[in-house]
Amino acid sequence: MKEELVQLIVARLSADRDALKTAFQASKNEVGVRYCAVDDLLPQELAERIHRAFPQPSAMRLMESFRERKYTSKSFDQFDPLMADITFAVQDPRVVEVVEQITGIREQIPDASLYAGGLSAMVKGHHLGPHIDNSHEASRRYYRTLNLLYYVTPGWSLENGGNLELWDERVRKNVTIVSRFNRLAIMETTPTSWHSVSPVVADGTRCCVSNYYFSPRSPTGQDYFNVTSFSARPEQPLLRLLARVDNGLRQGVRALVPQGLGKKDVYEGPKP
Ligand SMILES: O=C(O)CCC(=O)C(=O)O
Ligand SMILES: [Fe+2]
């Protein structure tokens, strides 16, 4: 199945390559984070199949802190093989190539270990506060360059909440990308690419297949390293303060212990 998915994704991205390229570049003028959204990534029936195969939240891990509340998993051995197929299809060199043509970002390497990637499910009350992603993968040799987020919940609309938001450098204003069914959002990751998922306010589950690309080239041309760093929404000044202290502590620990203290959450199973 993976091969068919790769071909469909490459065909879809190639068909709109020039328009997506223009949209990606032009989006810089919105909040400063470049992105584009690819609608109808796959034939509808196939996207619905992926949704049906998506694991139930009860089979996933609840991530819960003041920063976030969501279910995640990369236990592909326990799921319908279609889930690994769609995840790893987005990592195929042919997909990477057309994504590079769209974004102009070169020498990218998909994250086969799914370090922080994989599947996520969010239900009512779940959210992900404004943050910048960790800048590197586990070896710290490569810079994170892109997040590729594929949403597969039929009928998901703006009013449901649970939408992707990209913020300006000061986390004051945002642009919303609805987590629409069968949409692939491609966003760049830099030291200032603040983003969040607004609280889910509807019944239903917002299902997302996440992939990350890395590159030996720094997105800014400068050398940098950051742990995942959180802020908070503009109307939450106290939480912002707390987040800043929390970031400083975690960044400090990383300076002392480069591999970090947490257990490495990486995928080591077979790849389709
Ligand atoms: O679920 C999403 O839309 C975004 C999740 C996120 O922040 C990320 O993958 O880095
Ligand atoms: Fe993120």
Side-chain angles (χ1 to χ4, degrees), residues 31 33-39 41 50-51 54-55 57 60-74 86-87 90-91 99 110-111 113-138 143-153 156-158 160-167 171 174-202 204-214 219 226-233 243 247 250 265-267:
V31 292
V33 184
R34 292 180 299 168
Y35 73 95
C36 59
V38 187
D39 286 317
L41 183 71
I50 293 169
H51 179 251
F54 210 94
M60 301 173 78
R61 187 158 77 112
L62 180 64
M63 310 289 287
E64 197 175 18
S65 70
F66 73 88
R67 311 175 200 110
E68 64 183 346
R69 200 174 153 87
K70 66 176 186 179
Y71 293 103
T72 66
S73 185
K74 53 194 102 181
I86 180 57
T87 303
V90 179
Q91 303 200 359
V99 169
D111 177 22
S113 74
L114 300 176
Y115 184 62
L119 310 177
S120 72
M122 299 174 73
V123 298
K124 199 185 259 182
H126 284 197
H127 65 94
L128 178 57
H131 66 282
I132 21 184
D133 297 313
N134 50 354
S135 58
H136 290 68
E137 41 56 78
Y143 292 87
R144 188 196 277 252
T145 47
L146 285 180
N147 288 353
L148 297 103
L149 306 156
Y150 179 45
Y151 306 113
V152 295
T153 306
W156 199 265
S157 67
L158 178 69
N160 289 3
N163 297 304
L164 178 64
E165 301 166 312
L166 307 180
W167 297 83
V171 200
N174 67 43
V175 48
T176 297
I177 303 166
V178 175
S179 308
R180 223 175 105 176
F181 172 63
N182 206 10
R183 168 177 275 182
L184 176 71
I186 302 177
M187 60 162 284
E188 70 174 340
T189 49
T190 70
T192 52
S193 59
W194 290 97
H195 57 287
S196 55
V197 179
S198 57
V200 175
V201 295
T205 308
R206 178 226 200 226
C207 301
C208 176
V209 179
S210 310
N211 265 293
Y212 304 121
Y213 288 180
F214 292 85
N226 63 265
V227 295
T228 308
S229 307
F230 279 80
S231 180
R233 308 184 74 82
N247 297 335
R250 286 181 300 108
D265 185 21
V266 295
Y267 179 68

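All ligand and atom numbering here is 1-based and tracks the order in the structure. The shown structure was predicted, so the numbers you read here are calculated from the model rather than taken from an experiment.
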Can you find a pair of side-chain heavy atoms, one from Thr228 and one from Arg67, that are under 4.5 Å apart?
-> no
Between NE2 of His195 and CD1 of Ile132, what distance do you get to the nearest 0.5 Å?
-> 9.0 Å
Closest protein heavy atom (residue, atom, distance) for atom 10 (O) of ligand 1 = Asp133 OD1, 3.0 Å
Mark up the atoms of ligand 1 that fall under 4.0 Å of a heavy atom belonging to Val197, in ascending order.
-> 1 (O), 2 (C), 3 (O), 4 (C)
Distance in Å, Glu68 CD paired with His131 NE2, rounded so as to fall on 0.5 Å steps = 8.0 Å
So what does the His131 NE2 - the Fe ion (ligand 2) - His195 NE2 angle come to, to 10°?
-> 90°
Closest protein heavy atom to atom 9 (O) of ligand 1, given as residue, atom name and distance to 0.1 Å | Tyr212 OH, 2.4 Å
Who's closest to atom 2 (C) of ligand 1 heavy-atom-wise, of Glu165, Met122, Arg144, Arg206?
-> Arg206
Measure the NE2-OG1 distance between His51 and Thr205 for me, rounded to the nearest 0.5 Å.
-> 7.0 Å
Is the closest N or O pair between Ser210 and ligand 1 shorter than 3.5 Å?
-> no
What are the atoms of ligand 1, with element, lying closer than 4.0 Å to any heavy atom of Tyr151?
-> 2 (C), 3 (O)
Of Asn226, Thr189, Asp111, Asn134, which is the lone residue that meets side-chain hydrogen bond (donor to acceptor under 3.5 Å, both in side chains) with Arg144?
-> Asn134
Considering distance alone, does some N or O of Ser120 sit under 3.5 Å from an N or O of ligand 1?
-> no
Out of Val175, Asn174, Thr176, which residue meets the side-chain contact (heavy atoms from CB on, under 4.5 Å) rule with Leu166?
-> Val175
Rounded to the nearest 0.5 Å, how far does CG of Leu62 lie from NE2 of His126?
-> 5.5 Å
Gap between atom SG of Cys207 and atom OH of Tyr71 - 0.5 Å precision = 12.0 Å
Of the N, O or S atoms in Asp133, the one nearest the Fe ion (ligand 2) = OD1
Just jot down the ligand 1 atoms closer than 4.0 angstrom to any heavy atom of His131, in number order.
-> 7 (O), 10 (O)
Around atom 5 (C) of ligand 1, find the nearest protein heavy atom and jot down its residue, atom name and distance.
-> Leu128 CD2, 3.7 Å
